[in-house]
There are 2 protein chains.
Amino acid sequence: MKRPTIKDVAREAGCSVSTVSIVVNDRGYVSKETRERVMKVVKELGYHATRSARGLASKTSGNIGFILRDDHFSQAEPFYTRVFLGAEFAARDRNFYVLLATVGRQFSERKDLPRFLLERNVDGIIIAGKVSPRFIDQVERFGIPIVLIDFEVRRKRYASILIDNKAGAHLAVDHLLACGHKSIAFVGGDILHPSLAERLEGYREKLQEHHITVQDRWIDIQEPDSRIANGAHAMARLLQQHPRPSAVFAANDAMAIGCIQQILQNGLNIPGDIAVAGFDDIEMSSLMQPRLTTLRVFKEELGRQAVETLVDMIKNGDTMLVTKHLPVELKVRESSCAKVSADEHDVSQHSTT
Amino acid sequence: MKRPTIKDVAREAGCSVSTVSIVVNDRGYVSKETRERVMKVVKELGYHATRSARGLASKTSGNIGFILRDDHFSQAEPFYTRVFLGAEFAARDRNFYVLLATVGRQFSERKDLPRFLLERNVDGIIIAGKVSPRFIDQVERFGIPIVLIDFEVRRKRYASILIDNKAGAHLAVDHLLACGHKSIAFVGGDILHPSLAERLEGYREKLQEHHITVQDRWIDIQEPDSRIANGAHAMARLLQQHPRPSAVFAANDAMAIGCIQQILQNGLNIPGDIAVAGFDDIEMSSLMQPRLTTLRVFKEELGRQAVETLVDMIKNGDTMLVTKHLPVELKVRESSCAKVSADEHDVSQHSTT
DNA sequence: AATGTACATCGAAACGGTTCTATAAAATGA
DNA sequence: TCATTTTATAGAACCGTTTCGATGTACATT
């Protein structure tokens, strides 16, 4: 009735408990015969080691902690959700489980530490997005590997999976220039986020490369947040300018969508009067009207890479801090160019229930 | 340097280890003074019990297992992903972690059992969607509580969170009738899924209630799967009929979208020539053109309710098998009626990066 | 006054593994 | 051939909790 323990296996196989442990974990020396005898009993009895006993003895949990900011993990927030799911996929392949925790926007000392850290229930940590550096300090004190996703800290280096924001910005600006635009504005919010800052920097660089003067009045980074509404507000200000820009590069899709709403509301035409490009390629961008030109970020891939990097660190005790920049892909749609091939509707494998 | 153990706390507080355990778990008898003394030391030392040690001693894991079919958990499949996230939310509130596993479409005996079951690493199981009943049998042998989401087994009762499919179908048909349609077709795939079968049944009931003959040639349930492409195929067949129906009720949004594509492709007008209604309210439905009239299923709520039911069973050892039917909500959009209030665009709090 | 019951605390036995050390046999090398 | 080294196995300590008696008190009940 009860599940068999390692002792049962040892008894049946006529060997010691430690030998069984060596066999099932495949480490140390055992003779071929013993190994086979033990494995046979293991099969017969359907033995499988209990996780908590293993955990206690070996000080490992088989779990990975995934931390993100609570306001980033909501139904209305598709970006990090996708990253998380990517981590789930990869963890399953590597025989780890993912425990999820969220942390408040501003970190309140020992209150906000995820339970899985206090309980020593994870072997490594992934932190996705911008969190308080003080929080990362606290996490570090637990002495387990950490991988950051889409975030960097000035003070210290961490293993991290980043988006190639500059290259993306270059692609976007290049594309808008190729469409004939000379006056390209930039819209951004929460510019303290390293990713958004890099996108602005890439925009600057590319314009300079083409000997186009970067006009401060066409760079609107006043908004505290990069949501749709903030994009609309920024766009409203840009429309006041004389002459107004002929194209807008927004730091992310949410703001780009806000820009589009504002432009259409003012009776202007897209992309005729003003072209718009975003960054991220969230779900909505390919479904709205007009569809948004943007830089596709491979969100699941961010999560997957983070897990693989972290598992390497856990298993090999790697102390090397790898930094990976994931490439992005320009998706040209109607918001920036009138003529676009309609190869976008790759939704045929959707299914539900 | 090392994290304090319960022994350290006992020593500092001048009492036994068992007393400390009683205090931190808040069970059994302790004097007020001892309790306070112990708690003080706990704070000072920053003591927190280790999960695996607790697990081993108490035979609990603090985890919940969430199982769904692998083809239901993919990037292109938004439905169960949302259910899973709902479970995550609820589990965090109840101090549990969720471990995720997927199982193949057809279950291959002991091969496919989730690792967390074999390792005894979960205190309860949630199974979402249609899986092999033989698989459920296997899971049951582990003797832990099980809650089913959106699935039922003929043979045996389980605690389950279900969608009120019949009521939804009634609402949909009522709505189409109210729009003046007399000839309403039904499109479904994978009709062995209890949910889809119920939607068909609800459709039948409501027509009969209105003394409208149910026409078998207008019920297309040949497709083996309920994906977009299958909806298009079924719709193609329906368009061959004379006279053709003036409205279509699809068993889910994916198929409804397929129907719409097929109808538009045939140069017909929606909803002028044919009205379409779906079921589920997936993301795409409110973003496409024309926006799809459908029944909103509260996907996160399915996950949340399942977790809460399961946690009750785990904690109270409840043997009562509750069955909950979650209500659905009719969302009327342009695919069924020309005039619709545009209150749908509640996307303003979207944000990314 | 004897007895029962609720309260308080402790010691020790699990819980089910991993891992370190010891011991012995077998293989290797000079 | 003898000294090493490698291979093979067993035994026991240990991991950090929970929980089960055992042992007392103190208080209420009859």
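Below, read A as the first sequence line, B as the second, and so on, with proteins coming before strands; counting in each chain starts at 1. Being a predicted model, the structure only gives us computed values, none of them experimental.
- Contact annotation: B:Ser52 side-chain N/O to D:dG16 OP1/OP2 distance is not under 4.0 Å.
- The nearest whole Å value for the distance from the CD1 atom in A:Ile6 to the P atom in D:dC15 is 18 Å.
- Judged by closest nucleotide on DNA chain D, A:Ser16 is the one of A:Ser16 and B:Asn25 placed further toward the 5' end.
- Here D:dT17 presents its P atom at 12 Å from CG of B:Leu56, a figure rounded to the nearest Å.
- Rounded to an integer number of Å, the gap from CG of B:Leu118 to P of C:dG16 is 16 Å.
- Contact annotation: side chain of A:Ser21 to base of C:dG17, donor-acceptor pair absent below 3.5 Å.
- Nucleotide D:dG16 holds its C1' atom 13 Å from the CD atom of A:Glu119, rounded to whole Å.
- Closest to the B:Ser58 side chain, of the nucleotides C:dG17, D:dG16, D:dT19, is D:dT19.
- Mapping B:Ala57 and B:Val30 onto DNA chain C by nearest heavy atom places B:Val30 at the nucleotide closer to the 5' end.
- Using a 4.0 Å cut-off between a side-chain N of Lys or Arg and a carboxylate O of Asp or Glu, A:Asp93 and A:Arg304 qualify as a salt bridge.
- Proximity of a side-chain donor or acceptor of B:Ser132 to a complementary backbone N or O of B:Arg134 within less than 3.5 Å is detected.
- Side chain to side chain, A:Asp123 and A:Thr60 fail the donor-acceptor criterion of an N or O pair below 3.5 Å.
- In this structure, B:Lys59 reaches the C:dG16 phosphate: one of its side-chain N or O atoms is under 4.0 Å from OP1 or OP2.
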For this session: Take A:Ser61 and A:Asn121 through the test side chain to side chain donor-acceptor pair (under 3.5 Å) and record every step on the way to the result.
Result: CA-CA 6 Å; A:Ser61 67; A:Asn121 200 12; 4.7 Å; no

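- Residues A:Arg155 and A:Asp137 are paired through a salt bridge, judged by an N-O separation under 4.0 Å between the basic side chain and the carboxylate.
- Among the nucleotides D:dT17, C:dG17, D:dT9, the one closest to the side chain of B:Lys7 is D:dT17.
- Separating the CG atom of B:Asn121 from the P atom of C:dG16 is a distance of 15 Å, rounded to the nearest angstrom.
- In terms of phosphate contacts, B:Ser18 brings no side-chain nitrogen or oxygen within less than 4.0 Å of OP1 or OP2 of C:dT9.
- Relative to the side chain of B:Thr19, the nucleotides D:dT18, C:dG17, C:dT9 differ in distance, and C:dT9 lies closest.
- Taking only side-chain nitrogens and oxygens, A:Ser31 comes nearer than 4.0 Å to OP1 or OP2 of D:dT9.
- Taking atom CD of residue A:Glu33 and atom P of nucleotide D:dT7, one finds them 15 Å apart after rounding to whole Å.
- Of the candidate nucleotides C:dT9, D:dT17, C:dG17, D:dT17 has the atom nearest to the side chain of B:Tyr47.
- OP1 or OP2 of C:dG16 has not a single side-chain nitrogen or oxygen of A:Arg51 nearer than 4.0 Å.
- Taking atom CZ of A:Arg11 as the reference point, atom C1' of C:dG16 lies 14 Å away to the nearest angstrom.
- Residue order along DNA chain D, read from the 5' end via each residue's closest nucleotide, puts A:Lys32 first among A:Lys32 and B:Pro4.
- Among C:dT18, D:dT19, D:dT17, the nucleotide with an atom closest to any side-chain atom of B:Arg27 is D:dT19.
- In this pair, B:His193 and B:Phe151 present their aromatic rings perpendicular. The plane angle is above 60°, beyond the 30 to 60° band.
- Distance, B:Arg54 CZ to C:dG16 C1': 18 Å, rounded to whole Å.
- Within the 4.0 Å cut-off from OP1 or OP2 of D:dG16, not a single side-chain nitrogen or oxygen of A:Arg120 is found.
- For the OP1/OP2 pair of C:dA8 and a distance below 4.0 Å, the side-chain nitrogens and oxygens of B:Tyr29 include no atom meeting the criterion.
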